Each structure stands twice: as C-alpha cells, then as structure tokens.
Amino acid sequence: MTKSKYASRTLIALAIAAAFPLQGAMAQEAAQAEAKPQAGQLETVIVTAARRSENIKDVPMAISTMKGEKLDVLTAGGDDIRFMSGRTPSLNVESDFGRSFPRFYIRGLGNTDFDLNASQPVGLVYDGVVQESPMLKGFPVFDVEQIEVLRGPQGTLFGRNSPAGVIKFDSVKPSNKQEGYVSAGFGKDGVFNAEGAFNLPVNEMINARVSLQSQSRDDRVHNPRITGTQDFEGYKDNAARVQVAFKPNKDFSALFNVHHRDMDGSATLFRAGIIKKGTNDIVDGFDYGSYPTDGFNTQKLKVTGSSLTLRYDLPAMTLHSITGYEKAKFYSRADVDGGYGSGATSGPAPAFIPFTSETADGLPDHKQISQEFRVESNTKDRLQWIAGVYYFKEDIVVDSFNFDTLGGGVVNGYAQQTQNSRSWAAFGSVNYALSDVWKVRAGIRYTDDKKDFVAARTLTPFGGKNVGPLFAHPQDTNVSWDLSTNYEIDKNTNVYGRIATGYRAPSIQGRVLFGDTISVGDSEKNLSVEAGIKQDFLNKRARLSASVFKYRVKDLQLTAGSGAVNQNRLVNADKAEGQGFELDLQAIISDEWRATIGGSYNDTEIKDAGLFVSPCGNGCTVTNPTQTVGGSRVALINGNPLPRAPKWVGNFTLRYSTPVGNGEFYAYTDWAYRDKYNMFLYEAKEYKAKSMLEGGLRAGYKWADGKYEVAAYGRNITGREQVIAAIDFNNLTGIVNEPRTYGVQFKANF
C-alpha cells in the first residue's frame, strides 16, 4: 500500500470512528493480539499523565516526551531548563533573570510577571511534587528518566495553577543493580559540565541512587569602564539528588528523595539602547562581549527539598502518599537601565539614559509543604478509578531594593512583601471501558484557596513618602472537571476527544518599591476542547501524534507594565481565546537514519474592548490604538495576541549512525523555530521579537559495549544574535539570545 493510500485510509477510518464507534469496535474485535515489537521498531512510550502508568497512545490528551539521547544533546553545553523551549509543540520557555525564574508558556498561555511571588498557569511537577515558586521551577535537569509535557488544562488530577498544562519530570529511580555513569564536557568560554549517577544496592530491601551535577562557565562579557561590576555571565551551578528506596515485601514500597541546588552567577544583562528605533534590529556595531555599565550585577540561589513517596498494594486497590517539602533562598541585583550615567550615552550607538535604575529582588525566606493521599483501583475490571485529597502550604517573604548608582551604590529604597498561601483539594477520576477498544474517562476536583498578603515600603527612592502596610486576603473555591474518550480504530491507531477545565487561583502583585498600591488578579478559568489521533505505521517504524484544540479563558490574569515606572500591575481581561493544531512525528527512516518533526500553530487573541495598559516610557513606536486617560497616554490591547506567544513553533532532529571499527559513529542535528511574538501586552515595532531559527550539531563515537562515548557539539551553530526580550520603561533596552558555543564531551557507563 502506498503512503498516500495509507494516509487516506487513516483519515477515512477517523471519520467513520467518530460517527459510528460501535462499528469500529466490531472491526477491532476481529484483530486480537498486537505483534511483539521487532528490531528496528520504535519503543513503546509509557507515561504517567493520568497518575498511573499507561501507553501514551491510550491516554486521551496531547502529550510529548523527552528522554535519553535528546536530553543529552540539548544539555551538553550546560544549558538550563530553557533548553526545552520549542523542543515540543506549543511550548515556550524564557526568563528575564537568567538561569533562575523560568517562565513557561503552553499554547500561548503563560505569565510575564517578574515578581518573586508570581503565579504561572503552567504547573511543574518534579518527582510527584508540585513546584509552586518560580525559584523552584528551574531545578537542573540531570539523571532524568523522562520529561512529559501535558498540553491543555490539568485541573482534575494536578489541580490549581495548571489551566495551560503541566510539565512532569521523573528522575531515574534506584534499582537493584550496581551501575552508574559519569559524563564530563568542556567548551567555549570555559564551560564545564559534569554529571554522574551511582546506583547502590544495599541489600534485598534497600537500594540507593546518588545523582550529581556541576556546571560552570567563565565570565564572557566585560565592562570597559572602571565603575560597577567588571565581568559578567560566568556561573557555578551545582546540584545533587539522593534517593533511597525501601521495599520490604511485594506490597509495600517507600522512596525517600532529598535534593539541593547551589547557584552563584550573573543576572540577565539588560543592554541599553541596542534596539534600532522603529525596528527590532540590533544597533550597528553591537559587541556581545562588551557591556559598559556603572551598576552591579550578581545572583545567588539555594534550593533544598525532600519528599517521601509511599505505595501500598491491597487486593483491589493501591494506596499512595506523597509528602513534599521545599525551601529556597534567592538574591538578584542588576543594572536595569543597562548603561551608565544619567543623561549620558552608552554602547556603540547613542543610548540616552534618562535616569538610573539599579534594583535587586530577594527571597530571604521561602517554605513549601505539600501532602497528597491517593487511592486507585488495581484490578483489570472495565471500571478503573482514582480518588484523593491534597494539601498545600507556602510562606514567602520578598525583599525589593533600589540603589543610588551615582551615589556609590548605597540602598535608597526598600520594600517587603509577605505572602502566606493555603490550599486544599479533593479529586476523583473514573475510566470505563465500554468495549475492548472504546474507553471513556471523567474527572472532577474541588479546590479551596486562600492567601494572606501584606506589603510596605519603608525606604522610598527619590525622597518620596513611605507606603503601607497594605493588605490583601483573596480567596476562592473552584470545581474543575474533564471528560474524554479514546477509541482504537485498529491495533496501531487511536483517536481521542477531550473537554477539560482549568483554574488559576487569585494572584497578588504587591511590589511597592515604586508604586503606592497593590493589585489583585481574580481567579481565571479555562475551558478547552481538543481532538487528536495517535498512530504507529510502517510496521512501527514511524509514529504520529496530531491534535487540534480550541480554548477560552475567562478573567485571564495578565501582567501590565506601568510605562515609565519599573512596576507591574495585575489586570484581568474579560476573556482570551486560542486555537490551533499540533504535530509530533518520529520515524526510523533506515538502519542508519532517524528523524523527528514537531510543530504547532497557536492563534491567540485578547478579547476585552475596555482593557488598556500604559505603553513604553521611552518613545517606542506603539502600533496599537491609543487614547488619553487621566492625562496619560494608554494603549488599547483588545484583539492583540497573548504576550510571548508565537503562532508557529517547529522542531526537527536528524540522526545518522554507521558501524566503524568496534563501535558506532553518529551525527545528530537539532533545530528549533519560533515565530515572531509581542514582548508585552501592547504592540510596538521595537518590542515585537523577530522569528528565530536555532540549530545544534553533535558528532560522536560510541563503543560497541556501550561503556564509552566521546562527542563534539555546537549550539546556536549559525551564530544568530537578536533581541528576544526587553525592558520598556527607560531606554530601548534589550536582552539578546545565547551566543554560539561549542565543546567536547566524554561519557562512561559502568
């Protein structure tokens, strides 16, 4: 059968199954056992997206996974968690802080808030524990078994603050084999990237696994002036994880996990006047390695956490308990004006600095406790179910500082926020097999959220008056639900449909270092509908996953800047809508060649005719309609796409391998494309990021026994430099992408 005929048959079968599912079921019953996988076939992917282990083909939602060699390739140059951006459909990851505080966007939904108590609509779960604080979300990726990206609302099983989706990280667990690996890489700018894991069986009941990572880089940007910090963008980032598994019998198991991260480096460099007026081009003569400044730059982050996961199998059900504890301490200081002096110029082109801005944010105290109890059926009956309760408690203190750059860098402004969050939930889900090939699922979750917040400014910049204390006590309850179905057309093809809701709890923006009020974002609610197909073909040498979706968010929480002031406010848009499609394709082309292709289209739109925001305070070229409100010019943003939401995202990998001597030579290239996007809620020529294509290359040799591997790599191999983010209140100040890097890596397994 030709490929075109095969594709036509698949589309026809999809249509027939949607209209006459019972007829499809009768046809499926005629074909029973699936053939066992053969050499040269794609491996079966097992996921835990529905809180139990299942074949990815049987889960009725859009899921992408990353593991194995792909992770090794993307992290070879010491990249932090932002390496995931664009590597799966509809996913964007960025940060205005550097290696800390990543911000995630799925299907265009995310949050550009830079305050340290910011909430995001993308949930992040590491080894079963929700990571709520932005400071927890950037934990390094090492010795990870698999990453799962769940697109669409996950309000039933994962709860609050996941209306856009969830990203799950699962570490490699201890086993009863004495084994491990070490990997070391060296690259441009003194990059050092070392990683290792050691699996240590203690006895028949206890196994341990120790996982370590150390990443560092020399300073690669230098200040030609004698004032301020002289060298930038170097870092030392060390992390460790210790797991101990205890299994005294076949019915009970316990897994203890303790982990730590210690990062010391630089905050993101805000470069004054690097954007050409009326464009998003970098000014002529830009030199990445030069950063004239009179301010100081430093960043430190420490994270420590632990968890205890218990499992007890009974005759008809399994009990689960996950207890998590996380704490973080953070401090980041940067020259936000991105230059030097006041009323002076900096950089290769004239860059007027109207006023100095040097600030720091700190998280001196952060603690998070979470507890989940879950019970699930473990029989082979047609009806499967899950029920559970969840509790979450977080206490944080946020410090904000302003410095008098021209007066010796002394502190001349200070404000503090304290936020205590409490949340509990009860949830349940059922999965019923109407036949051997047709299953339906339904879930529901009740959530109760409450926050107590206080903020005050006790030292005011520029001689103003102090503010506060200011209080906020938002609380809300919510019921999230989902309904889905999965239908097996034949042994290789499943189709599914899903309708789901998600919920983001009320949020507070109270960074009163420069403002006199706080803002509260009401809870937002997302309703999403999607349908898709998952198919193996060409005798399981190729796999396709495709989905179409549409969603509507009511009371969408958005972060608005304040024009000429370095201050954020939370606003609620009446609603926003998004729609699009996603595609994942993997193929074993031949014994030598493998390829993957992924892509997505996301069309998002803010719908609120009365919503306006303050545009830039630096004379940028605003393209939205504007009007005067209270004596100030504002931009009307109705109809704008969501910020940091490129319409098109694509990725491609190609791997070639051939036997050489007593081993295998391979070459691997990976490419990621993302379309242009608005950096802020309003549109301006200077603040619309250009489309970008970035590629990597890796070539290496693996010994036949699998014990050793040596490789050379390159990241951003085209050397593309462009503005990817900006600061819009002072000068045409931009943030540029990571430059080209390259190096070598050695790995040994034992």
Side-chain angles (χ1 to χ4, degrees), residues 37 39 42-48 53 65-76 78 126-128 139-148 168-186 192-215 238-250 252-261 305-311 655 657 659 661-666 668 698 700-711 713 744-750:
L42 293 169
E43 67 174 341
T44 299
V45 177
I46 302 300
V47 297
T48 55
S53 297
T65 62
M66 301 175 67
K67 63 186 302 184
E69 184 179 48
K70 187 171 185 177
L71 289 180
D72 290 341
V73 169
L74 296 177
T75 59
Y126 219 123
D127 290 329
F139 196 84
V141 180
F142 63 100
D143 198 28
V144 166
E145 178 67 29
Q146 182 167 270
I147 302 174
E148 300 175 22
K168 289 179 71 273
F169 296 81
D170 292 306
S171 303
V172 179
K173 301 300 186 288
S175 69
N176 58 4
K177 296 181 180 180
Q178 186 167 328
E179 60 183 7
Y181 71 91
V182 291
S183 174
F186 305 87
F192 175 68
N193 187 21
E195 178 181 324
F198 309 90
N199 208 77
L200 306 170
V202 178
N203 55 41
E204 292 183 354
M205 294 187 296
I206 300 176
N207 299 300
R209 188 175 184 90
V210 179
S211 308
L212 306 169
Q213 185 188 71
S214 179
Q215 297 178 319
N238 299 313
R241 182 190 307 114
V242 177
Q243 299 177 88
V244 179
F246 174 63
K247 191 173 179 62
N249 55 59
K250 66 181 182 64
F252 177 78
S253 65
L255 178 65
F256 178 70
N257 176 317
V258 60
H259 47 273
H260 178 75
R261 179 190 188 188
S306 60
S307 64
L308 177 63
T309 302
L310 305 177
R311 175 180 176 133
R655 187 184 193 275
S657 64
N662 189 32
E664 172 199 60
F665 167 80
Y666 69 89
Y668 186 108
R698 180 183 178 95
Y701 184 80
K702 290 184 178 181
W703 275 252
D705 58 9
K707 288 187 176 181
Y708 303 105
E709 177 183 355
V710 61
Y713 67 85
V744 295
Q745 192 172 29
F746 175 78
K747 185 175 183 179
N749 298 292
F750 54 87

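Given the structure is predicted, the values throughout are model-derived calculations rather than measurements. What you see below is based on every heavy atom in this structure, not just the backbone, and it leaves out hydrogens, waters and symmetry mates.
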**Q** Before giving the answer on side-chain contact (heavy atoms from CB on, under 4.5 Å), spell out for Glu69 and Tyr666 the whole-Å C-alpha distance, their side-chain angles and the decisive distance to 0.1 Å.
**A** CA-CA 12 Å; Glu69 184 179 48; Tyr666 69 89; 4.0 Å; yes
**Q** Walk me through whether Val182 and Phe198 qualify under side-chain contact (heavy atoms from CB on, under 4.5 Å).
**A** CA-CA 9 Å; Val182 291; Phe198 309 90; 4.0 Å; yes
**Q** Does the Gln243 side chain pair with the main chain of Val172, one donor and one acceptor, at a distance under 3.5 Å?
**A** yes
**Q** What is the minimum heavy-atom distance between Leu212 and Ala240, and which atoms define it?
**A** CD2-CB, 3.6 Å
**Q** To the nearest 0.5 Å, what is the distance between CG on Asn662 and CG on Asp705?
**A** 7.0 Å
**Q** What's the shortest heavy-atom distance between Pro248 and Met205, and which atoms?
**A** CA-SD, 3.6 Å
**Q** Please round to the nearest 0.5 Å and tell me the distance separating atom CZ of Phe252 and atom NZ of Lys247.
**A** 9.5 Å
**Q** Find the distance between NZ (Lys70) and CZ (Arg655) and round it off to the nearest 0.5 Å.
**A** 14.0 Å
**Q** Answer yes or no: is there an ion pair linking Arg698 with Asp72, defined by an N-O contact shorter than 4.0 Å?
**A** no
**Q** When you measure from the side chain of Glu709 to the backbone of Gly700, do you find a donor-acceptor pair of N or O atoms at a distance under 3.5 Å?
**A** no
**Q** Mind telling me whether Phe192 and Phe186 have parallel, tilted or perpendicular rings, with 30° and 60° as the class edges?
**A** tilted
**Q** Check the orientation of Phe169 and Tyr126. Use parallel for under 30°, tilted for 30 to 60°, and perpendicular for over 60°.
**A** parallel
**Q** Evaluate Asn199 against Tyr181 for side-chain contact (heavy atoms from CB on, under 4.5 Å), listing each step before the verdict.
**A** CA-CA 9 Å; Asn199 208 77; Tyr181 71 91; over 6 Å; no
**Q** To the nearest 0.5 angstrom, please state how far the NZ atom of Lys168 sits from the OG1 atom of Thr65.
**A** 11.0 Å
**Q** Taking atom NE2 of His259 and atom OG of Ser211, what is their separation to the nearest 0.5 Å?
**A** 12.0 Å
**Q** Looking only at heavy atoms, which two atoms of Pro140 and Ala239 are closest? And how far apart?
**A** CG-CB, 3.9 Å
**Q** Any side-chain heavy-atom pair from Tyr668 and Tyr713 closer than 4.5 angstrom?
**A** no
**Q** Kindly write out the residues that satisfy salt bridge (Lys or Arg N to Asp or Glu O under 4.0 Å) with Lys707, not counting sequence neighbours, or none if the list is empty.
**A** none
**Q** Against Asp143, only a single residue in Gln213, Arg209, Arg241 fulfils side chain to side chain donor-acceptor pair (under 3.5 Å); can you say which?
**A** Arg209
**Q** Show the numbers, then the answer: is there a side-chain contact (heavy atoms from CB on, under 4.5 Å) between Lys173 and Asp127?
**A** CA-CA 10 Å; Lys173 301 300 186 288; Asp127 290 329; 3.4 Å; yes
**Q** Of all heavy-atom pairs between Pro174 and Asn207, which one has the smallest distance, and what is that distance?
**A** CB-O, 3.7 Å
**Q** What are the two closest heavy atoms between Val141 and Val144, and how far apart are they?
**A** CG1-CG2, 3.8 Å
**Q** To the nearest 0.5 Å, what is the distance between NZ (Lys702) and NZ (Lys747)?
**A** 7.5 Å
**Q** Is Val710 close to Val744 at the side-chain level, that is, under 4.5 Å between some pair of heavy atoms?
**A** no
**Q** Given side chains that start at C-beta, do those of Gln146 and Thr48 come closer than 4.5 Å, heavy atoms only?
**A** no
**Q** Of all heavy-atom pairs between Asn193 and Gly78, which one has the smallest distance, and what is that distance?
**A** ND2-N, 3.7 Å
